[in-house]
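Here's the structure we're looking at; comments come further down.
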Amino acid sequence: MARKRPNPKKDKSARRRRSQVPGGLRRARLNEQAVFKVMMGASPEALPLVALAGVWLWNVAEDGAAAAHCVDGCLTLRYALAQYGIDSRVEAVGLQLQGNGTHTRYGDVSDPRYNTDGSFNGHTVLVVPPAGRFVDPTLQQYAEVPHTEKAMLPVLCPLPTPNGLGDEPIGVDRGDHLVIYLPAPLQQRQAWQLPAHTIRAEEYRQAAQNLAANVFAMMRLPMLREKVECGPYPRLRTLLAALEGTEPVADPRGFRFKDPATGREIWLADVPD
């Protein structure tokens, strides 16, 4: 009998609660079918990235919130990837977007900064050198992005240089809209950082811990497990072996795994490298 897959949209431990969408922002849109479709089509090295970004955005959509929190999203994904032993970093960028009949530039790439209302005058992406890619989980917030299934997915794009974004614009043609990422000057790529992010680091880590465990439970399903086993991430293979035969447990305490024989509950961080 096939094992029933965990359903993250019912697992509030894998998300950070947000207020409802304020005026002027677009509600996040992504569904279960689209997430699993992109996971099934992902390469082994890309699977953890698209799975984490997709489930994070799906949870935001289920909460009825906006997909506009680029720094929060990138930080949560960064900490989640760390649970898998995958290094990454958040970087500020500017954007040019063409779609839905308009062409708009967002952010001052020469001086990314926070506005007086607390919004970030720019955008952020997550750079993942071990995967040779960068991830943008919140592009769908912009008006130029159509409400189509492909457009709703997080952006996953090859890095133009082995270690990062480089210095030149990066064009991404997504069929029904065009994105041009404008890397900030090196000295400005961490302009997204605020003392508040350090203060809230434990909150991000907790959300990421639950997200990573939730997504790991999905990736060990038979239709995806082989990709994890042949992927380039030793920590994920270690987790597969260590948690073999365990059952997912999700409640207000978080998402972890239970050994049915002993009753012991295991968090991803409990598993040694």
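Predicted model only: the values in this text are computed from it and were never measured. Numbers here are sequence positions counted from 1. Side chains included, hydrogens not; waters and symmetry mates left out as well; all remaining heavy atoms used.
- Between Glu91 and Arg89, at least one side-chain N (NZ, or NE/NH1/NH2) sits under 4.0 Å from a carboxylate O, which counts as a salt bridge.
- One finds the OG atom of Ser88 at 10.0 Å from the CG atom of Leu52 (value rounded to the nearest 0.5 Å).
- Within the 3.5 Å criterion, the main-chain N or O of Phe257 finds no donor-acceptor partner in the side chain of Arg264.
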Candidate pair Leu159 and Leu165, rule side-chain contact (heavy atoms from CB on, under 4.5 Å), full reasoning: CA-CA 6 Å; Leu159 289 173; Leu165 297 176; 4.0 Å; yes

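- With a 4.5 Å cut-off on side-chain heavy atoms, Leu236 and Pro48 count as touching.
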Thr138 and Asp136: CA distance, side-chain angles, deciding distance, side-chain contact (heavy atoms from CB on, under 4.5 Å) verdict: CA-CA 6 Å; Thr138 64; Asp136 182 352; 3.7 Å; yes

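- Pairs passing the salt bridge (charged side-chain N to carboxylate O under 4.0 Å, His left out) check and including a residue from residues 36-53, sequence neighbours excluded, read Lys37-Glu149, Glu45-Arg133.
- When the shell of 6.0 Å around CD of Glu226 is examined, it contains 12 or fewer heavy atoms from other residues, nucleotides or ligands.
- A donor-acceptor pair under 3.5 Å is absent between the side-chain atoms of Lys258 and the main chain of Pro248, judged by distance alone.
- Here the side chains of Val228 and Leu240 are in contact, with some heavy-atom distance below 4.5 Å.
- Remark: His123 NE2 to Leu139 CG distance equals 6.0 Å, nearest 0.5 Å.
- Leu95 and Ile180 sit in two unconnected hydrophobic clusters of ILVMFWY residues. Membership requires side-chain heavy atoms under 4.5 Å apart, directly or through other members.
- Side-chain contact between Met39 and Leu224 is present, with heavy atoms from C-beta onward closer than 4.5 Å.
- Closest of all the heavy-atom pairs between Thr76 and Ala208 is O-CB, 3.3 Å.
- Partners of Asp117 under the salt bridge (charged side-chain N to carboxylate O under 4.0 Å, His left out) rule, at least two apart in sequence or in another chain, do not exist in this structure.
- Here the side chains of Leu57 and Pro137 are not in contact, with every heavy-atom distance at 4.5 Å or above.
- Remark: the His177 side chain and the Tyr142 side chain contain no N/O donor-acceptor pair separated by less than 3.5 Å.
- The same ILVMFWY cluster, assembled from side-chain heavy atoms under 4.5 Å apart, contains both Phe120 and Tyr106.
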Val125 vs Val135, side-chain contact (heavy atoms from CB on, under 4.5 Å): CA-CA, chis, key distance, verdict: CA-CA 6 Å; Val125 297; Val135 183; over 6 Å; no

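- With rounding to the nearest 0.5 angstrom, the CE atom of Met223 is 5.5 Å from the CG atom of Leu221.
- Clustering ILVMFWY residues whenever any of their side-chain heavy atoms sit less than 4.5 angstrom apart, transitively, puts Val93 in the very cluster that holds Val172.
- Side chains of Gln209 and Tyr204: no donor on one and acceptor on the other come within 3.5 Å.
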Audit row: Gln141, Val145, side-chain contact (heavy atoms from CB on, under 4.5 Å) steps and yes/no: CA-CA 8 Å; Gln141 68 180 285; Val145 179; over 6 Å; no

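- Aromatic ring centres of Tyr233 and Tyr84 lie farther apart than the 6.0 Å criterion allows.
- Using a cutoff of 4.0 Å between basic side-chain nitrogens and carboxylate oxygens, Arg189 and Asp167 are scored as salt-bridged.
- Side chains of Arg235 and Ile86 form no contact here, defined as non-hydrogen atoms less than 4.5 Å apart.
- Not a single donor-acceptor pair under 3.5 Å links the side chain of Ser119 to the backbone N or O of Asn115.
- Asn121 approaches Gly107 most closely through the heavy-atom pair OD1-CA, 3.6 Å.
- Nearest heavy atoms, Phe216 versus Leu243: CE2-CD1, 3.6 Å.
- Taking 4.0 Å as the cut-off between side-chain N and carboxylate O, Arg225 and Glu244 count as a salt-bridged pair.
- Looking at Asn59, its side chain does come within 3.5 Å of a backbone N or O of Val55 through a donor-acceptor pair.
- The backbone N or O of Pro169 sits nowhere less than 3.5 Å from a side-chain atom of Tyr181 that would complete a donor-acceptor pair.
- Panel note: side chain Arg113, backbone Asp111; a donor-acceptor pair is recorded below 3.5 Å.
- Here Lys150 does not pair with Asp176 in a salt bridge; the nearest charged N to carboxylate O distance is not below 4.0 Å.
- Side-chain contact check for Thr246 and Arg220: at least one donor-acceptor pair (N or O, by modelled atom type) lies under 3.5 Å.
- In this model, a donor atom of one side chain and an acceptor atom of the other lie less than 3.5 Å apart for Gln190 and Gln193.
- The minimum heavy-atom distance linking Leu153 with Ala34 is given by the pair CD2-O, 4.1 Å.
- Residues Glu265 and Arg256 are paired through a salt bridge, judged by an N-O separation under 4.0 Å between the basic side chain and the carboxylate.
- Residue Arg78 holds its CZ atom at 10.5 Å from CG of Leu81, rounded to the nearest 0.5 Å.
- Rounded to the nearest 0.5 Å, atoms CG (Asn210) and CG (Asn214) are 8.0 Å apart.
- Dense packing is recorded around CD of Glu229, with more than 12 heavy atoms of other residues, nucleotides or ligands lying under 6.0 Å away.
- For the 3.5 Å distance criterion, the side chains of Thr161 and Asn163 fail to qualify, holding no donor opposite an acceptor.
- The main-chain N or O of Met152 is found under 3.5 Å from a side-chain atom of Gln140 such that the two form a donor-acceptor pair.
- Looking at Thr124, its side chain does come within 3.5 Å of a backbone N or O of Cys70 through a donor-acceptor pair.
- The two residues Arg26 and Ala143 make their nearest non-hydrogen contact at NH1-CA, 3.6 Å.
- A salt bridge links Arg200 to Asp72: at least one charged side-chain nitrogen sits closer than 4.0 Å to a carboxylate oxygen.
- Across all non-hydrogen atoms, the minimal contact from Trp58 to Leu30 is CD1-O, 3.6 Å.
- Hydrophobic cluster membership differs between Val155 and Val109, with clusters built from Ile, Leu, Val, Met, Phe, Trp and Tyr side chains linked at under 4.5 angstrom.
- Here the straight-line distance linking atom CH2 of Trp192 with atom OH of Tyr114 works out to 7.5 Å at 0.5 Å rounding.
- Tracing side-chain contacts under 4.5 Å through hydrophobic residues (I, L, V, M, F, W, Y), one never reaches Ile170 starting from Leu186; they form parts of separate clusters.
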